[in-house]
Amino acid sequence: MQAGILLSPMVFSDQHSLVNISEESVAVLGTVGAFGFVFFLFLSGVKMDLSLTVKSGKKAICIGLLTVVVPLVSCMTTIKLLHEEGNEFSNKTFFLAVTYSGTSFPVIHCLLSDLKILNSELGRLGLSAALIGDMLTLFLTVFSLWVKTGFEKGRKEALIDFGLAMLFIVIVVFVLRPAMKWMVKRTPEAGQIKDICFYLVILAFMMSPRFTDLFRIYFLYGPFIFGLAVPDGPPLGSALVEKLDPVISGLFLPIFATTCGLRFDLSYFKNSNLFAYHQVLGAMVALIIKFGVSLLVPLLCKMPTRDSLALAFIMISKGIVEMGSYSIMNDNRVISEDIFAHMTIVIILVASIVPILVKRLYDPSRKYLCFQKRTIMNSRLNQELRLIVCVHVPGNVNSIINQLNASCPTRESSIALDVLHLIKLSGQATPLFITHDKQKKTLSSKSYSENVVVAFEQFERDNWGAVSVTVFTAVSPPSLMYEDICNLAMDRLTSFILLPFHRRWYIDGSIESEDQTVRTLNFDILEKAPCSVGILVEGRRNLKGSGIRDPLSSDNSSFYNIAVIFLGGQDDREALALAKRISQDKSVRLTVIHLKAANSLGVILTENDRMLDSAVLNDVKQSVCFTYIEEHVNDGPETSNFLQSIVEDYQLIIVGRRYKTEDPQTLGLQEWCEFQEIGIIGDLLSSADFIRNYSLLIVQQQQQRTV
C-alpha cells in the first residue's frame, strides 16, 4: 500500500513520476489484484474451522461478541447524533457501521503468525475471539444489506433476498460440503487428494461469485462461504492451501494492496462533505470503543495488564480484508472517495503501529523464566519423575518406549509420563491442543494420534503402578511447536523433556530420514525450555526395519549396559544424575567414564564446578554399584581414539551437551562438530567414524536465564 501511494500521482506528477502508470493500467492491475483478493477470502474460509466456535471458552465468546456489538452501537449512536436528518443515514449507516466495528479473523491470524505468537496463550485467546467476532460480523453485514434493501426497495424484496440467501447456504451445507467429504473419504489415509477432485473444487470456487449474484448475496461472501464448507486440514484443505497460498499471498495480494495505494489521493479531502466527516468520526469512535472493550473484559477476567493491552491492540488490528472491502465499495460507489481516503489512512496507521506495540507488550518466552529448579538432580529417587516425551513420526514411538523400558521404572521410583504428539498445521488456521482422556472421547472428531495413544497405553499397562501416561496432541506450525512443549512443561511441573534427534540411520550408516524442522525445534527447546532437556539419538537400525526389541535382551548378556561420559560441568552432572536414577534396577550396569586432562593447563572448570563434580561422583558411589573408569587424555584425537575402543560394550551412552565449552579433552574436535545441538562429544559419538549400534542420549541441565 505504501509503495502504491509513493507511485501515485499524489506524490509525483505525470512529468516527474518514477513510473508512468495510466488509469487503464491501474484498472488492469486492480482486476488482477481483485482476483487474488477473492482467492484470499476463499482460502481464509478453507483455513477456518467453525466447530471451534462452540468450543471457545466464555472469555473468548464475551470478547468476540462485545468487541463487535458495543462499538457498533456506539458508532451508530455517534453518527445519528451528528447526522440527524436525511435518508442517507438510514440507507447506509448501519452497513458502514458494521464494517467499522467488525473483526477480521484472517487479519488477526496473519498478525499473530507474523509475530510468532499463534500458539501462545494470548494468541489462542485472540484467535478464538476473532473467529467469534468474524462470524458475527459476517451475519451483521448480510443483515445490514437486507436492511438497506428494505429501505430502498421495500420489505418484500428484503424477504426475497433473505430467502435466496438461506437457499444458497442450504445448497452449500447439504450438497457441496457432503460432496467434498465424499472426495475426502475416497482418498487413502495419509494420501493426496486426486487431481480431478482438486480441479472440481477450484471450478466450483470460480463459479461461486456468479452464483452469489444470482442468489442476491454480496459477491465477496460467496467464495468465503464456499471456503467454509471445504473440510479443513488434510487431504483437501491442506492441498488447496499448500498449492494456492504461496502464489496468492506472494503475488496477487501485494498487487492488490499496491493498486489500492495507487488510488489514494489527498485531494479527495478538499471535496469532503459533512456526511463523510460524520462517518469518519463514527469510525474513530468505533475503533476507540473496540479497544476499550477489548481491554476491559480481560482485565475483569483477572488477566495481567500488559497481556490485556496486547490483546486489545490485536482485536483492533486492520489489514488487507478491510482495505479490500473499502476499495471494492469505492469502486461500486457505496462509499465516496473522501471516505475511502480517510479509511485508508486509518488502516495504514493501525496496521503499522499495532504489530510494534504488541511485540513490545507481549513476550511469551518470559513465562519460561523459571526460578525454581526443575532438574533431575533436584528430584529425589523416591519421588515421581515428571517427564515429557515428544513424538513426530511413528518410528519415534518404538525407540522412546525402548529407552523408557530400559530405565526400569518401579513403584518406588515412578514416572509421570506426558506424551506430546506433534503434528504440522496444514490447511487450517487455528492450532489445536488435544488431551486424550482415557475415560472419554476427545473433543475433536478427527482421528489424531490413535497409534501413539494405543502404544503408550500398552506401555502403561506393562508397568502398572510405576508409570502414569497422559497423551496430548499439538497441531501447530513447526516454527511454533516449542510453545506447546514449553507451555506443557510449565503446566505439568516437568523436570525433563526428551526430544528425538532429527536424523535416523540404517545399520550400514546410510541416512534413513532427516527433518530440518525437527532440528530447528530442538534448538528452540534447548534455548527456551523451563527444565532440563535430553535429545535421543537412535542406534542404527536394520535395513529390513526394526520391531520393538526388549532393551534388556542381548546375545551376550542379560544386563543392560549404560555408560556416562563425564568431563565435568552442570550438563555432565545432570547426565550422571539421570544415569543414577536408571541404574537403580539390578539389571542395569552403569559405567562412569571420567575423562581428565593429562595437562591441567587450559582447564576451564571453576573451583565451584570441581567441588560439585566431586560431590555428585561421591553421591553416585554411595547410591549405586557402578564401574568407574578414569582416563587421562591430552586432546580431542586421543579422546576419540579411546572412545572408539570402548563404545561397543554399551547399549546406551549418556553425555552432557556442554554447549560452547571446549576443554583440553575435546581440543581440536570443535571445528569438526556438525550438530551443535548435541555438543562436541555427542556429535563425535554419532559420527560415521563410530560403528554405532548403541543409542545416545545428550543431556542439558535447566538453563538459568534472566529477563
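Count residues from 1 along the sequence. Predicted model only: the values in this text are computed from it and were never measured.
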> Any sub-3.5 Å donor-acceptor pair from Ser120's side-chain atoms to Ile117's backbone N or O?
yes
> To the nearest 0.5 Å, how far apart are OG1 in Thr259 and CE in Met323?
9.0 Å
> Just by modelled atom types, is the Ser101 backbone N or O under 3.5 Å from a matching donor or acceptor in the Lys290 side chain?
yes
> Rounded to the nearest 0.5 Å, how far apart are CD1 of Ile314 and CG of Asp307?
9.5 Å
> Walk me through it: do Phe37 and Ile328 pass the test side chain to side chain contact (heavy atoms under 4.5 Å, CB included)?
CA-CA 10 Å; Phe37 181 64; Ile328 292 172; 4.0 Å; yes
> Just by distance, with hydrogens left out, do Ser476 and Glu483 show a side-chain donor and acceptor under 3.5 Å apart?
no
> Mind listing the closest non-hydrogen atom pair of Ala130 and Thr103 along with its distance?
CA-CG2, 3.9 Å
> Testing Phe174, Phe211, Phe215, Tyr221 one by one against Phe168 for a ring pair (Phe, Tyr, Trp, His ring centres under 6.0 Å), which residue passes?
Phe215
> Is any NZ, NE, NH1 or NH2 atom of the basic residue among Asp484 and Arg124 found under 4.0 Å from an Asp or Glu carboxylate oxygen of the other?
yes
> To the nearest 0.5 Å, tell me how far Trp146 CH2 sits from Ile217 CD1.
8.0 Å
> Do Lys59 and Ser128 pair up side chain to side chain, a donor and an acceptor below 3.5 Å, judged on atom types alone?
no
> How long is the gap from CG on Leu228 to CG on Leu138, to the nearest 0.5 Å?
7.5 Å
> Please find out if less than 6.0 Å separates the ring center of Phe205 from that of Phe226.
no
> Ser249 side chain to Pro246 main-chain N or O, any donor-acceptor pair under 3.5 Å?
no
> For Phe39 and Phe252, I'd like to know if the aromatic rings sit close, meaning centre-to-centre distance below 6.0 Å.
no
> Would His278 and Thr78 satisfy side chain to side chain contact (heavy atoms under 4.5 Å, CB included), going step by step from the backbone distance to the final call?
CA-CA 8 Å; His278 293 167; Thr78 301; over 6 Å; no
> Quick check on Glu121: does its CD atom have over 12 non-hydrogen neighbours (other residues, nucleotides or ligands) under 6.0 Å away?
no
> Is it true that a side-chain atom of Glu322 and a backbone atom of Gly319 form a donor plus acceptor pair closer than 3.5 Å?
yes
> Quick check: closest heavy atoms across Ile320 and Val107, and the distance to 0.1 Å?
N-CG2, 4.1 Å
> Is the backbone N or O of Gly102 less than 3.5 Å from a side-chain atom of Thr137, with the two atoms forming a donor-acceptor pair by type?
no
> Give a yes or no on whether Phe433 atom CZ has more than 12 heavy-atom contacts from other residues, nucleotides or ligands under 6.0 Å away.
yes
> Could you give me the CA-CA distance, side-chain angles and deciding distance for Leu112 and Leu122, then say whether side chain to side chain contact (heavy atoms under 4.5 Å, CB included) is met?
CA-CA 9 Å; Leu112 297 174; Leu122 186 71; over 6 Å; no
> According to the salt bridge (Lys or Arg N to Asp or Glu O under 4.0 Å) rule, which pairs have a member within residues 126-136, sequence neighbours left out?
none
> Taking Val321's backbone N and O only, do any of them form a donor-acceptor pair with Ser325's side chain (distance below 3.5 Å, no angle check)?
yes
> Nearest 0.5 Å, please: how far is CZ in Arg306 from OH in Tyr362?
11.5 Å
> Is there a donor-acceptor pair closer than 3.5 Å between any side-chain N or O of His342 and the backbone N or O of Val280?
no
> Decide if atom CZ of Phe291 counts as having more than 12 heavy atoms of other residues, nucleotides or ligands within a radius under 6.0 Å.
yes
> To the nearest 0.5 Å, what is the distance between CG (Leu111) and NZ (Lys318)?
13.0 Å
> So does Lys181 have more than 12 non-hydrogen atoms from other groups sitting under 6.0 Å from NZ?
no
> Determine the minimum heavy-atom distance between Leu118 and Leu480, stating which atoms define it.
CB-CD1, 3.4 Å
> Quick one: closest heavy-atom pair of Ala312 and Ser294, and the distance?
CA-CB, 3.5 Å
> Ala286 and Cys75: which non-hydrogen atoms are nearest, and at how many Å?
CB-CB, 3.9 Å
> Are Phe340 and Tyr326 close enough that their ring centers fall under 6.0 Å?
no
> For Gln279 versus Ile339, what's the shortest heavy-atom pair and its separation?
CG-CD1, 4.0 Å
> Can you check side chain to side chain contact (heavy atoms under 4.5 Å, CB included) on Phe105 and Met135, steps first, answer last?
CA-CA 9 Å; Phe105 178 85; Met135 291 300 100; over 6 Å; no
